[in-house]
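All ligand and atom numbering here is 1-based and tracks the order in the structure. Since the model is a prediction, treat every value here as computed from it, not as a measurement.
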Amino acid sequence: MDTRTGLPVVGMVGGGQLARMTHQAAISLGQSLRVLAAGEHESAGLVAGEVVYGHHADLDALRSFAKGVDVLTFDHEHVPGAHLHALADEGVVVRPGPEALEFAQDKLVMRERLSSQGFPCPDFAAVSEVDDVLRFGGARGWPVVLKAASGGYDGKGVWMLGSAAEAGALVPELLAAGTPLLVEAKVAMRRELSALVARSPFGQGAAWPVVETVQSDGINTEVLAPAPGLSPRATHEAQELALQLAAELGVVGVLAVELFETEAGLLVNELAMRPHNSGHWTMDGCPTSQFEQHLRAVLDYPLGVTELLAPTVMANILGAPEPPVMRPDERLHHLFARYPQARVHLYGKGERKGRKLGHVNMLGTLDEGLREKARLAAHWLSHAEWLDGHDIH
Ligand code: ADP
């Protein structure tokens, strides 16, 4: 407990933008997030009141960070499971707990558990030698999707293999480097969806509207909330599936279930047990943002309302190949001159090609016009270029 305020102290491992926005929500609840940041100038480190420097793979750093913390939670899934078990055994309240987190840390463990419980997943197989991939491709047909079981993000660690020859060229090299692998059938999907829910230790669950996520080169660029044209029945099915998964796996906090929509129905792609890019729209489009909800859930407070306030398009601001000459401050000035309604969330990060620097939420009627505005705004903020030729003068 914080003796100054009488309020609990939440410690978040990881100092990225998710911790930064969780801190923003913590302020309203009377708190200041305690953040374990791996390096200086991290997104949350710039703003949180109490920043401790240390690495998430260093057990001693985790131990000393957890002292005096009421709940330990995460802005990423990279803390080794053995460390989490050690902390939990020593009495630290870890939420989500290590047993649940494992399913967000290891895609093979997740696939095995989900398919054994009848949750719909793509066909898959474990890979310990190249023959495992060749057999899988031979039996089910090429292409197949090769994945690093752990350590991947934003499409890094996902390889589309078109033929046995391609598998032969890549798989031995990855195995030799110690990359744990699995192989999956390449799903013919209509689009990708995300079902975001939260669950508290008390057992309360809450589901936000299901969204469509649009990716480019493996990176999520745009989120449409709610997913256009998704029937009430499919929406309900996706929400039920995510709530059931949260309960079955014992998740505490926010759970994002990434889904593929196919002709035959929904398939689970992967799980994240923390606030997620597909939930950034909730900061403006919902009464309770995913960040506040994550805090409420890990503190076992009653959960907040998750209904839609207004249809929302979220566009990620991704770093330009070269940082523009125009300063970020001037770009923001021009953005607000054109779109006073834009809800801008910047992460305070240095500009680098493809890096997630922030996002823009645009609320309104979910049509091509709104999507275009969000896209133009996000591109302008990172590139200082209006893709539609708009003249700023
Ligand atoms: P990451 O952990 O890097 O986000 P994912 O497992 O989510 O990796 O895969 C990244 C992207 O690759 C997905 O968003 C999807 O577009 C594509 N993908 C992943 N698995 C499959 C699959 N089995 N079939 C078709 N596309 C896939």
Side-chain angles (χ1 to χ4, degrees), residues 14 16-18 74-79 101-115 119-127 132-133 136-137 139-163 166-167 170-171 174 179-196 210-224 227 238 241-242 245 254-280 314 316 318 354-356 359:
Q17 65 263 25
L18 302 177
F74 311 93
D75 108 326
H76 57 65
E77 39 273 320
H78 306 314
V79 182
L101 257 179
E102 197 185 359
F103 300 107
Q105 293 178 312
D106 190 313
K107 290 179 182 174
L108 182 58
V109 173
M110 178 268 291
R111 282 273 176 267
E112 281 167 347
R113 170 71 180 263
L114 264 55
S115 55
F119 289 101
C121 290
D123 285 339
F124 71 98
V127 175
D132 295 325
V133 180
F136 187 87
R140 288 186 176 66
W142 303 87
V144 299
V145 184
L146 184 72
K147 289 187 176 183
S150 58
Y153 67 97
D154 285 350
K156 295 177 183 68
V158 175
W159 302 271
M160 302 291 164
L161 299 179
S163 63
E166 279 182 42
L170 183 64
V171 176
L174 289 170
T179 312
L181 296 173
L182 69 154
V183 62
E184 291 182 1
K186 183 161 192 282
V187 173
M189 65 184 93
R190 284 202 204 115
R191 57 178 172 171
E192 298 189 46
L193 304 173
S194 173
L196 197 74
V210 176
V211 301
E212 176 175 343
T213 62
V214 181
Q215 358 283 324
S216 150
D217 296 329
I219 297 190
N220 175 223
T221 52
E222 191 186 20
V223 170
L224 309 177
L241 179 118
L245 265 173
V254 167
L255 169 71
V257 181
E258 295 181 14
L259 297 163
F260 297 144
E261 187 187 52
T262 74
E263 292 293 330
L266 299 173
L267 297 176
V268 176
N269 177 27
E270 69 165 340
L271 310 177
M273 295 178 195
R274 50 167 170 76
H276 187 251
N277 204 156
S278 69
H280 288 356
M314 189 276 332
N316 275 335
L318 300 172
R355 199 176 191 200
K356 288 179 182 168
H359 66 271

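Looking only at protein heavy atoms, the nearest one to atom 8 (O) of ligand 1 is K107 NZ, 3.2 Å. For atom 18 (N) of ligand 1, the closest non-hydrogen atom on the protein side is F260 CZ, 3.8 Å. G155 N, 2.6 Å is the protein heavy atom nearest to atom 3 (O) of ligand 1. Of the protein's non-hydrogen atoms, the one nearest atom 17 (C) of ligand 1 is M160 CE, 4.1 Å. E192 OE2, 3.2 Å is the protein heavy atom nearest to atom 15 (C) of ligand 1. For atom 9 (O) of ligand 1, the closest heavy atom belonging to the protein is V158 CG2, 3.6 Å.
In the vicinity of M189, heavy-atom distances shorter than 4.0 Å reach the ligand 1 atoms 25 (C), 26 (N). Contact atoms of ligand 1 toward V187: 22 (C), 23 (N), 24 (N), 25 (C) (distance under 4.0 Å to a heavy atom of the residue). Those atoms of ligand 1 that come under 4.0 Å of a heavy atom in E258, given as number and element, are 7 (O). Near E270, with a cut-off below 4.0 Å to any heavy atom, the atoms of ligand 1 are 1 (P), 2 (O), 4 (O), 5 (P), 7 (O), 8 (O). The ligand atoms of ligand 1 that sit less than 4.0 angstrom from a heavy atom of K147 are 6 (O), 19 (C), 20 (N).
Considering both main-chain and side-chain atoms, K186 never comes within under 3.5 Å of ligand 1 through any nitrogen or oxygen pair.
In plain terms, the two heavy atoms of K147 and W159 that are nearest each other are C-CZ3, 4.1 Å. L114 and C121 make their closest contact through CB-SG, 3.7 Å (heavy atoms, listed as atom of the first residue, atom of the second, distance). The minimum heavy-atom distance linking D123 with F136 is given by the pair O-CZ, 3.6 Å. Nearest heavy-atom pair across P122 and V268 is CD-O, 3.3 Å. The heavy-atom pair separating A238 from L266 by the smallest distance is CB-CD1, 3.8 Å. For the pair D75 and R274, the tightest heavy-atom approach, listed with the atom from each and the gap, is O-CD, 3.4 Å.
Residue A185 places a heavy atom less than 4.0 Å from ligand 1.
Remark: atom 27 (C) of ligand 1 lies closer than 4.0 Å to at least one protein heavy atom.
By the 4.0 Å N-to-carboxylate-O rule, E184 lies close enough to R111 to be salt-bridged with it.
Side chain to side chain, Q17 and H359 fail the donor-acceptor criterion of an N or O pair below 3.5 Å.
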CA sep, side-chain torsions, deciding dist, call: F119, R113, side chain to side chain contact (heavy atoms under 4.5 Å, CB included):
CA-CA 9 Å; F119 289 101; R113 170 71 180 263; over 6 Å; no
